[in-house]
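Quick note on labels: first sequence line is chain A, next is B, and so on, each numbered from 1. All values below come from the heavy atoms of this structure, side chains included, with hydrogens, waters and symmetry mates left out.
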Amino acid sequence: MPELPEVETIKNTLKRFLLNKTIENVSVYWSNIIKLPDDIEKFKFMLTGQTFQNITRKGKFLLFHLDDYMLISHLRMEGKYSIDDASTPIKKHTHVIFSLNNNEELRYNDVRKFGTMHVVNKGEELLNKPLNQLGPDPFDKDFTLTYFYEKLNKTDRFIKTVLLDQSIVTGLGNIYVDETLFKAGVHPLKKASRLSKKEIKGIQDQAILTLKEAVEQGGTTIKSYVNGQGEMGMFQQKLFVYGQENEPCKNCGRPIVKMKVGGRGTHVCIACQKQ
DNA sequence: CGTTACACCTGCCGGC
DNA sequence: TGCCGGCAGGTGTAAC
């Protein structure tokens, strides 16, 4: 589900509700969500009494900064957070509840149960799973053309596959990779090692521009993505190829083709994107 | 070590 | 109508 722009939007919404609120109780209804610590009772014990100092984002990960710990949350395909009054009935797919000191609750909902949570000591989060293998965030200063070129130049994988690899650059997912490659005029099946420096700069520039514009629009709403306040993103109105199979290309009018790349549905204009 | 296949889950949609 | 395969905004790990 969410990629960088959706996670950024969720982060900003949750900050308005959670900063300076204290966790008074934790309930877990599907323990496989909790990856660290191993023991669910320890997970609850660590978080109880902790206050939200800040919320940040690295790639598609949400980082809840508490007094002593960092709660690291990944929404994977379908994870959603909601802020509910404690009296609101729990939904079928609510798996974790953090009860706050204002009679409200932060609830984690996830139809497919793919999402993950890790709790680590504050300050150690970048050295350990799950953040230690991530490449730079696209908005970070260290996402330079030199870095990107060297990474792309030494792999024969398809460019689409490489852009989805979070150890190269973190935050792009299936929607924004397809949009980026279309705008850069590069075919998803082109081998990364065969891209020119100009093409790589085009991919980098279009990725950053696309993600920034999507953040401004509050993300993309497919099916039922909503932020923590029930607001939908609007970027789906600006999609050129994702979900546009058989629709005319907004650039040349030819039908958008859907294919499979690395097991992922992939949308391409075979006239505008050169292989 | 680099790369790919599969596992993890549920719901929905289209074809027979 | 009912069943079944395929698909979905992702990634950790086993296996090659």
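Comparing Lys129(A) and Gly173(A) against DNA chain C, the residue whose closest nucleotide sits nearer the 5' end is Gly173(A). Nearest-nucleotide positions on DNA chain C for Gly265(A) and Thr116(A) put Gly265(A) closer to the 5' end.
In this structure, CZ of Phe61(A) is placed 12 Å from P of dG10(C), rounded to the nearest angstrom. In this structure, CZ of Arg112(A) is placed 11 Å from P of dG11(B), rounded to the nearest angstrom. Atom CZ in Phe114(A) sits about 15 Å away from atom P in dT13(C), given to the nearest Å. In this structure, Ile159(A) places its CD1 atom 13 Å from P of dT3(B), rounding to the nearest Å. Put simply, NE2 on His118(A) is 11 Å from C1' on dT11(C), counting in whole angstrom units. Atoms CE (Met117(A)) and P (dG12(C)) sit 15 Å apart, rounded to a whole Å. Rounded to whole angstrom, the span from the NZ atom of Lys191(A) across to the P atom of dG2(B) amounts to 17 Å.
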Requested in this report: Any chance you could encode DNA chain C as dot-bracket? Rule is Watson-Crick or G-U wobble with both distances under 3.5 Å; [ ] for pairs crossing earlier ones, | for another strand.
Outcome: .|||||||.|||||||
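Among the protein residues, Tyr176(A) comes within range of no part of the nucleic acid, since none of its heavy atoms lies under 4.0 Å from any strand. Residue-level contact check: Lys35(A) touches neither bases nor backbone, having no heavy atom under 4.0 Å from any strand. Across all strands, Thr155(A) comes closer than 4.0 Å only to sugar-phosphate atoms, never to a base (heavy-atom distances). Across all strands shown, Asp110(A) has no heavy atoms under 4.0 Å from either base or sugar-phosphate atoms.
Under the 3.5 Å distance criterion, the side-chain polar atoms of Glu105(A) are left unmatched by any main-chain donor or acceptor of Ser99(A).
A single hydrophobic cluster is not seen to contain both Leu163(A) and Phe158(A); linkage of ILVMFWY side chains at heavy-atom distances under 4.5 Å, directly or through other members, places them apart. If you chain together hydrophobic residues whose side chains sit under 4.5 Å apart, Ile55(A) and Leu63(A) never meet in one group. Cluster annotation: Ile175(A) is connected to Phe235(A) through the hydrophobic network of ILVMFWY side chains, with a link wherever side-chain heavy atoms come within less than 4.5 Å. One hydrophobic cluster, built from ILVMFWY side chains closer than 4.5 Å, cannot hold both Phe61(A) and Leu211(A); they sit in different ones.
Residue Trp30(A) has its side chain nearest to dC9(B) when only dC9(B), dT11(C), dA8(C) are considered. Checking dT4(B), dG10(C), dT10(B) against the side-chain heavy atoms of Val111(A) singles out dT10(B) as nearest.
For the OP1/OP2 pair of dG12(C) and a distance below 4.0 Å, the side-chain nitrogens and oxygens of His74(A) include no atom meeting the criterion. Phosphate contact (OP1/OP2 of dG10(C), side-chain N/O of Asn174(A), threshold under 4.0 Å): absent. Side-chain N/O atoms of Lys260(A) include one lying less than 4.0 angstrom from OP1 or OP2 on dA8(C). Put simply, Lys113(A) has no side-chain N or O that comes within less than 4.0 Å of OP1 or OP2 on dC8(B). For dG11(B), one of the phosphate oxygens OP1 or OP2 lies less than 4.0 angstrom from a side-chain nitrogen or oxygen of Lys92(A). Between Arg76(A) and the phosphate of dG12(C), there is a side-chain N or O to OP1/OP2 separation shorter than 4.0 Å.
Distance check on atom P: dC7(C) versus dA5(B) gives 15 Å, rounded to whole Å. Separation of the P atoms belonging to dT11(C) and dG11(B) is 23 Å when rounded to the nearest angstrom. Comparing the same atom, P, in dA7(B) and in dG5(C) gives a spacing of 16 Å after rounding to whole Å.
Of the listed residues (Tyr81(A), Tyr69(A), Tyr108(A)), just one forms a ring-ring contact (aromatic ring centres under 6.0 Å, His included) with Phe64(A), and that residue is Tyr81(A).
By the 30° and 60° cut-offs, the orientation of the rings of Trp30(A) relative to His95(A) is tilted.
Defined by atom type and a distance below 3.5 Å, a donor-acceptor pair is present between the side-chain atoms of Tyr176(A) and Thr220(A).
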